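Here is how names work: the chains are called A, B, and so on, in the same order as the sequence lines, proteins then strands, and each is numbered from 1. Predicted model only: the values in this text are computed from it and were never measured.
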There are 2 protein chains.
Amino acid sequence: MPVTLKDIAEKVGRSVTTVSRALHDYDDVSPETKELVRRVAAEMGFTPNIMAQRLQKRRTDTIGFILPTFGPRFSDPFFSEFLAGVGNTAAKLGYDLLVSTCPPGEQELEFYREKVQSYRVDGFVIVRTRRDDTRIKYLSEINFPFVAFGRTENPAQHPYVDEDSELGMRLLANHLVDLGHQKIAFIAAPDHLMFTHYRLKGFREGLLERGILLDDSMIGIGDLTQRGGYAIAMELLDRPEPPTAIAACNDLMALGTISAAQEHGLVVGQDIAITGFDNIPLAEHCHPPLTTVHQPIYQIGEMVCEMLIKRIRREFVDEEQILLNPSLVIRQSCGGAITRR
Amino acid sequence: MPVTLKDIAEKVGRSVTTVSRALHDYDDVSPETKELVRRVAAEMGFTPNIMAQRLQKRRTDTIGFILPTFGPRFSDPFFSEFLAGVGNTAAKLGYDLLVSTCPPGEQELEFYREKVQSYRVDGFVIVRTRRDDTRIKYLSEINFPFVAFGRTENPAQHPYVDEDSELGMRLLANHLVDLGHQKIAFIAAPDHLMFTHYRLKGFREGLLERGILLDDSMIGIGDLTQRGGYAIAMELLDRPEPPTAIAACNDLMALGTISAAQEHGLVVGQDIAITGFDNIPLAEHCHPPLTTVHQPIYQIGEMVCEMLIKRIRREFVDEEQILLNPSLVIRQSCGGAITRR
DNA sequence: AACCGCATCCAAAACGTTTTGGAAACAAAT
DNA sequence: ATTTGTTTCCAAAACGTTTTGGATGCGGTT
């Protein structure tokens, strides 16, 4: 049914070769022929068959993005925004974006392997890097293009874009102590995730810089969801000596923490300080607005994607490792200087 | 570099045809040969070249999902959850999911056309249907498979999954009046979106059933974001006679409304009732928890995807139009019966 | 007249699969 | 001895493109 090169060739009385070359503006085709071919192609509504092109060129013009996510009900605003950044950039540069989800674990690598071997994608975007990340190890080993949002502990350097969240958290910790807080809790996430590792580390050091030791009993391990943050905060606030400040390692858990505090009858930003990390859109519009560290997720998505495509095309990439500087966003949830308690 | 059928054929001393047929378990291949071919294929790490398969079979095993979204900073939890439902189902049934974003408008149709003509996808998932939806018109016309989340006003029926949000809103309106509210405002969204149309309609009728006329001056038109809901709510609450209840047509705007009310010193659920629609995860964990109408977005994603794939495969679909019953989720944000003001 | 350079064209191969339409070998039935 | 049927195999075509390696003709130089 659809129009092929052959159809055009027959119509204009030239060979398929010539038609193809005319459409690609090769200079061994006369201007008149080019003109003719182009006109007829447009008239007939020709669109090249992508699969045939891809087969022939041995590339897919597709980049893969496998969301490492558990269970059905995931809804991290992070992902949709990052996805938009990657997707739009990919489209702009002529690439498709192939998305799937796979819970982290055993079969994850199988997923990647399958996509690589069956020529389904030209490269991968990796997110939620882990301290020891088998995905990155695998792709490095077989020398398959990828760019990660986040670093790993693997000594072999790989291309990445990341924010220096260690620094961000250090600044935040400084800020909390400067406001007068002493009993400070931290809601972390599983330590094998690189970014929570950095954030906890930065927080701990930031407190230490001001002479405060982060008590291990004041560290909760959450699952990055609102519900998770809520549960841990409830537990922290039920203690005989509850913290006066709680820093969560992402905004979603911070929002849960706010709910927990309000349920305890506390006025957030006055009776208790709560902070997050990410600066998701919600952070600005919750009540009270959340003090957090900004992370330009959409832009990071763009950068990662652009870098990946450059690598795929073997173009020159001037910076293979990009570390962005974080910026503190002080809002009402951490209040002014502490006075009571 | 990668292993092809030809490589296997040479190794086992059979033809490419036989190898292909052996791997597909055709019964004109002897058990011994099958066994041999399979073993060697596994040994050599054979994975079929997808592009070649697709070219030959004239299908892509890919479904398209074009997010109709404006600007960079979009972050509707709706999308990520729906996406997960669609994506996981697609993967389970052996399909790829091709995602891109395109702002609604002129070029949108071009996007679809291009993907159709170049054989990039076998079908589309459509979301955010509009009263007069050119995407659906186009795809129906050329008889290209698609399934929509949402209905349209086009008389020609198309396959869809939708929730009866008119009913949901009617119940919600009943509930608010039963709590004693009289001055009630509604935050809608642009009327060309089918779902906001239904929701406004249902709300209006629900009030009418209880003898209350929804005042046009009490209807704001938002952009479905938290920020938008906030702005409209601020305006409503600044009036000399502010509403005692505000119903937003989605949760995100309801959350913005809560912020606005709190900024006005109101205790939500006590001084004012606020309701949403969708029951996004955030609705449960904000403060106070949001009264809303549940919409099983992940499951709808699954259903839409499953239905689409059945249509692509020309399998029997017993229900082409599925309308789900909504269920009210009463939480604290609308409080008990109204007493003050 | 022979050669060269140039402009324009194209047949055939290649990418890796699946499908089509038999062929070959053998056993069983007539 | 021929036919019929069964089992197992395969060459070749097809999907629609791009690339390779010339071929052809023509005007201009020697």
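Residues A:S15 and A:T18 have side chains that bring a donor and an acceptor to within less than 3.5 angstrom of each other. For the 3.5 Å distance criterion, the side chains of A:T60 and A:D122 qualify, holding a donor opposite an acceptor.
Salt bridge B:R59/B:D61: present, at least one basic N to carboxylate O contact under 4.0 Å. With respect to the salt-bridge test (charged N to carboxylate O, under 4.0 angstrom), the residues B:R151 and B:D162 qualify. Salt-bridge check for B:K11 with B:E43: failed, with every basic side-chain N at 4.0 Å or more from each acidic carboxylate O.
A tilted orientation is assigned to the rings of A:H158 and A:F146, their planes being inclined by 30° to 60°.
Of the residues in residues 42-58 of chain A, those placing a heavy atom less than 4.0 Å from an atom of DNA chain C are A:L55, A:Q56, A:R58, in numerical order.
Summary of the strand contacts: B:V16 and A:Y26 both lie near DNA chain D, and taking for each the nucleotide with the nearest heavy atom, the more 5' one is attributed to B:V16.
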Run the side-chain donor-acceptor check on residues 30-40 of chain B: report pairs under 3.5 Å with partners two or more places apart or on a different chain.
residue : atom : partner : partner atom : Å
B:S30   : OG   : B:E32   : OE1          : 3.4
B:S30   : OG   : B:T33   : N            : 3.2
B:S30   : OG   : B:T33   : OG1          : 2.7
B:T33   : OG1  : B:R14   : NH1          : 2.8
B:K34   : NZ   : B:D25   : OD1          : 3.0
B:K34   : NZ   : B:Y26   : O            : 3.0

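Nucleotides of DNA chain C lying under 4.0 Å from heavy atoms of chain A occupy a range whose first and last members, 5' to 3', are C:dT8 to C:dG16.
Side-chain nitrogen and oxygen atoms of B:T18 include none within less than 4.0 Å of the OP1 or OP2 phosphate oxygen of D:dT8. Considering only side-chain N and O atoms, B:T17 lies nowhere under 4.0 angstrom from the phosphate OP1 or OP2 of D:dC9.
Counting non-hydrogen atoms of other residues, nucleotides and ligands closer than 6.0 Å to CD of B:E106 gives a total of 12 or fewer.
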